[in-house]
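Encoded as structure tokens, the structure appears first; notes follow it.
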Amino acid sequence: MGPTSLAQKLPEAFYTRPDVVTIARELLGKHLCTRFDGVLTRGLVVETEAYSGTRDAACHAHLGRRTKRTEIMYHQGGVAYVYLIYGIYSLFNVVTNAEGTADAVLIRAIEPLEGIEEMRLRRNLAKIEPRLTAGPGLLTQALGISTQHTGASLTGSEIWFEDRGLEVPEQDILEGPRVGVAYAGADALLPWRFRLKGSRWVSKANPKYQV
DNA sequence: TCACCGATGGACT
DNA sequence: GTCCATCGGTGAC
């Protein structure tokens, strides 16, 4: 097996599994890639959060809510859910589980690995620093993802994940409560935020939530 | 380093 | 009119 064959695009079967928390953990160490207008960008996923459909008070689909915005969450796993937050930022989520369920994984931070100069230009930064991709509203800018990509297939040619053979040991995964969901009552305490231990590319906002 | 606050628009009441 | 799964600039220390 040669080096180039080590990059395997995650198949639809990865996303259609029922346990969104497991998928959120397993996305750590995978590579998130985009190719728009021939420009390839790629980064290592270092921070995720799980949102568990209609039973999760922090999830946009809580209690079965269906709107034009959230409808895509009920799609079969393997598509993107991208929404606008605070009128400015696009947040990128991976829809998981079967048709009719509304689970999703928010990608909160990546370590830039390929197309870094393009990311820097898109972010309008003078140098390479964590502000490039360390935050859910930042990495979408760097990768060129916006709300127009909601519904996009993750097994197509514009946005996808790759497994490049990195094994993440259990002890290298930090767990903690999700960010910015205090309104969710008891569900705000669920330890459904996952980070790669030791990474300088995890999000810096909300230091009081740091585990 | 840290706290505060404005930006900005769509979803929802 | 109010609320956001956020970020960056500002100013105090």
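Remember, it's a predicted structure, so these values are computed and weren't measured experimentally. Residue numbering restarts at 1 for every chain, and letters A, B, ... go by the order of the sequence lines. In what follows, every heavy atom counts, from backbone to side chain, and hydrogens, waters and symmetry copies are set aside.
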From the options C/dC7, B/dC12, C/dA5, select the nucleotide whose nearest atom is closest to the side chain of A/Y89.
C/dC7

Just how far, in rounded Å, is P of B/dT13 from NE2 of A/H62?
13 Å

Just call it for A/G137: base, sugar-phosphate, or nothing, with non-hydrogen atoms closer than 4.0 Å on any strand.
sugar-phosphate

Distance, rounded to the nearest Å, where A/R195 contributes CZ and C/dA5 contributes P
19 Å

Applying the side-chain contact (heavy atoms from CB on, under 4.5 Å) test to A/T48, which of A/L27, A/N93, A/I173 qualifies?
A/L27

More than 12 foreign heavy atoms under 6.0 Å from CZ of A/R55: is that the case here?
no

With the side chain defined as heavy atoms from C-beta on, A/N93 is closest, among C/dA5, B/dC12, B/dG9, to C/dA5

Measure CZ/A/R178 against C1'/C/dT6 and give the value in whole Å, please.
17 Å

Write down the partner of C/dA5 under the Watson-Crick or G-U wobble criteria, each distance required to be under 3.5 Å.
none

Under 5.5 Å centre to centre and under 30° between planes: does that hold for A/Y51 and the six-membered base ring of C/dA5?
yes

Tell me whether the side-chain N or O atoms of A/Y83 pair up with the base of B/dA11 as donor and acceptor below 3.5 Å, since no angle test is needed here.
no

Whether A/R123 contacts C/dG8 is assessed here as follows: a side-chain N or O lying under 4.0 Å from the phosphate OP1 or OP2. Is that the case?
yes

Roughly, in whole Å, what's the span from CG in A/N124 to P in C/dG9?
10 Å

Closest approach to the side chain of A/I85, judged atom by atom: which nucleotide of C/dG8, B/dA11, C/dT6 is it?
C/dT6

Going by ring pair (Phe, Tyr, Trp, His ring centres under 6.0 Å), A/H60 matches just one of A/Y83, A/Y74, A/Y51. Which one?
A/Y83

Would you kindly give the CG-to-P distance between A/L84 and B/dA11, to the nearest whole Å?
9 Å

Does a donor on one side chain sit under 3.5 Å from an acceptor on the other, for A/Q141 and A/R122?
no

Would one find a side-chain N or O of A/T70 under 4.0 angstrom from OP1 or OP2 of B/dA11?
no

Contacts of A/R131 and A/Y183 projected onto DNA chain C by closest heavy atom; the upstream (5') one is A/Y183

Rounded to whole Å, please give me the gap between CD in A/Q141 and P in B/dT8.
13 Å

Selection from B/dC12, C/dT6, C/dG8 that lies nearest to any side-chain heavy atom of A/L138:
C/dG8

Pairwise side-chain contact, A/Q171 with A/K197, heavy-atom cut-off 4.5 Å (strictly under):
no

hbond_proxy A/H60 side chain to B/dA11 base (donor-acceptor, 3.5 Å cutoff)
no

For atom CZ of A/R66 and atom C1' of B/dC12, their distance in whole Å
18 Å

Can you tell me how far P of C/dT6 sits from CD of A/E49, to the nearest Å?
8 Å

